[in-house]
Number of protein chains: 2
Amino acid sequence: MSNSESLERVPVALSPRDRFVEFLQSKGMRVTQQRLSLVDHVFSRHEHFDADQLIEQLPPSGDPNHVSRPTVYRTLNEFVDAGLLRRFNLNGRAVYEHDYGYPQHDHFHCTECNKLLEFTSPELLQMRDDLGKQHQFRVTGHRLIISGICQECTQAKRRSRSRMNMI
Amino acid sequence: MSNSESLERVPVALSPRDRFVEFLQSKGMRVTQQRLSLVDHVFSRHEHFDADQLIEQLPPSGDPNHVSRPTVYRTLNEFVDAGLLRRFNLNGRAVYEHDYGYPQHDHFHCTECNKLLEFTSPELLQMRDDLGKQHQFRVTGHRLIISGICQECTQAKRRSRSRMNMI
DNA sequence: CTCAGTGCAAATAGTTTGCACTGAC
DNA sequence: GTCAGTGCAAACTATTTGCACTGAG
């Protein structure tokens, strides 16, 4: 699923692939087929995804670009460390989204269709920092998920309700 | 751990125990020893806790008030359904807090000591609803966790840094 | 006396790890 | 050639479930 409205990209010097290679080299880690397959895949297709969705989309066992489940998990953690992906939790499973080259943003989560919509709000950021100051808390980040029902699902419900009334 | 500043309670008609009994009866569920042990325990002691912390504090096997692990999990879900507890996720594990009789609030999460501090912000609520309107999203709730370092940990760090400099 | 609730052990889901082999450097 | 990375199977953690027994109604 690419169940998300994409925000504008932010210009960055290096492609995600190059950024990851740089990261690996700076840590003395090796640039392997699997790691390259995964950067390329993750940054060409997805917006929000979890480990299972990613594994499903990967070439099957036997293909030169196949990557095993443990390696997918290991590499997703590396992407987070490298600042390429951001991880958060949605009903108990890890969900990943692009971090590198994307502006900070928050999410609406539709509890009907499970879709995630992104939005940005500078005022929210300002409020967050003010709240930190008020409570003497040194803010380094935040996670906001607004839950509810998206426009399409609201309309779908309305349609089905009016269909009910017609009977 | 009761690692949280408590907000004022909001006046409610029934005690959590009575509210739960009412819930059980309305659903045709039985009022058992285990369920009563758990309401009483949870609403006398805790503020934020996870299943393991709760189980640790419960009387050991053999005690009349002992409750088994599966039943604790089952009952925590019932508390959430009954509107007594709210559940959220903190690094992959379910954390519970009182919902019944407590005003809606959000959290600071100290990444040093893992403490949760509560705060309320009506302006935040207003902003959330405005954002929903702007994006045509029917808002039913939200979860905001501001992460960073709490006052005590900031001070502890400062002290240890200055101790370093003295050497 | 009946059936929902319980405790136990076992299952599950998501993720991580130990280990012997493989391949990047 | 060496050692980090990989795939496999197995472990692990948090939570849920099937089943025979128990006790609330």
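From a predicted model like this one, the values you see are computed outputs, not experimental measurements. A, B, ... follow the sequence lines: proteins, then strands. Residue 1 opens every chain.
By the rule that hydrophobic residues join a cluster once side-chain heavy atoms approach within less than 4.5 Å of another member, B:Phe79 and B:Val31 end up as members of one cluster. Grouping the Ile, Leu, Val, Met, Phe, Trp and Tyr side chains by contacts below 4.5 angstrom, directly or via other members, places B:Leu54 with B:Leu84.
Of the residues near DNA chain D, B:Thr32 and B:Asp52, the one whose nearest nucleotide (by heavy atom distance) lies more toward the 5' end is B:Asp52. Each of B:Arg30 and B:His66 lies near DNA chain C, and the nucleotide nearest B:Arg30 is the one positioned closer to the 5' end. Each of A:Arg93 and A:Gln34 lies near DNA chain C, and the nucleotide nearest A:Arg93 is the one positioned closer to the 5' end.
In this structure, the separation between CG on A:Asp63 and OG on A:Ser37 is 8.0 Å, given to the nearest 0.5 Å. Rounded to the nearest 0.5 angstrom, A:Ile145 CD1 and A:Ser147 OG are separated by 8.5 Å.
Taking five base pairs at each end of the helix from C:dC1-D:dG25 to C:dC25-D:dG1 and finding the rotation axis that steps the C1' atoms of four pairs onto the next four gives two axes whose angle is 30°, to the nearest 10°.
Distance B:Asp50 CG to D:dA14 P: 8 Å, rounded to the nearest Å. Following rounding to the nearest Å, B:Tyr96 (OH) and D:dA14 (P) show an atom-to-atom distance of 12 Å. Whole-Å rounding puts the A:Asn89 CG to D:dA14 P distance at 13 Å. One interatomic measurement links the two molecules: CZ of B:Phe20 to C1' of D:dA24, which rounds to 14 Å at whole-angstrom precision. Atom pair B:Asn91:CG and D:dA14:C1' shows a separation of 13 Å (rounding to whole Å applied). Rounded to a whole Å, the CD atom of B:Gln53 is 16 Å from the C1' atom of D:dT15.
Taking the ring centre of B:Phe43 as origin, the terminal cationic atom of B:Arg17 falls outside the region bounded by 6.0 Å and 45° from the ring axis. Judged by a 6.0 Å distance limit and a 45° cone about the ring axis, B:Arg19 is positioned over the six-membered ring of B:Tyr100. By the 6.0 Å and 45° rule, A:Arg87 does not stack over the aromatic ring of A:Tyr96.
On the nucleic acid side, DNA chain C has its first and last nucleotide under 4.0 Å of a heavy atom of chain B at C:dC3 to C:dA9, going 5' to 3'.
For the segment residues 70-83 of chain B, the set of residues with a heavy atom within less than 4.0 Å of an atom of DNA chain D comprises B:Pro70, B:Tyr73, B:Arg74, B:Asn77, in numerical order.
A salt bridge does not link A:Asp81 with A:Lys27: none of the charged nitrogens is closer than 4.0 Å to a carboxylate oxygen. Residues B:Asp106 and B:Arg143 are not paired through a salt bridge, judged by the lack of any N-O separation under 4.0 Å between the basic side chain and the carboxylate.
Across B:Phe23 and B:Ser26, no two heavy atoms sit closer than the pair O-OG, 2.8 Å.
Taking the side chain as every heavy atom from C-beta outward, B:Arg128 and B:Leu124 never approach each other to under 4.5 Å.
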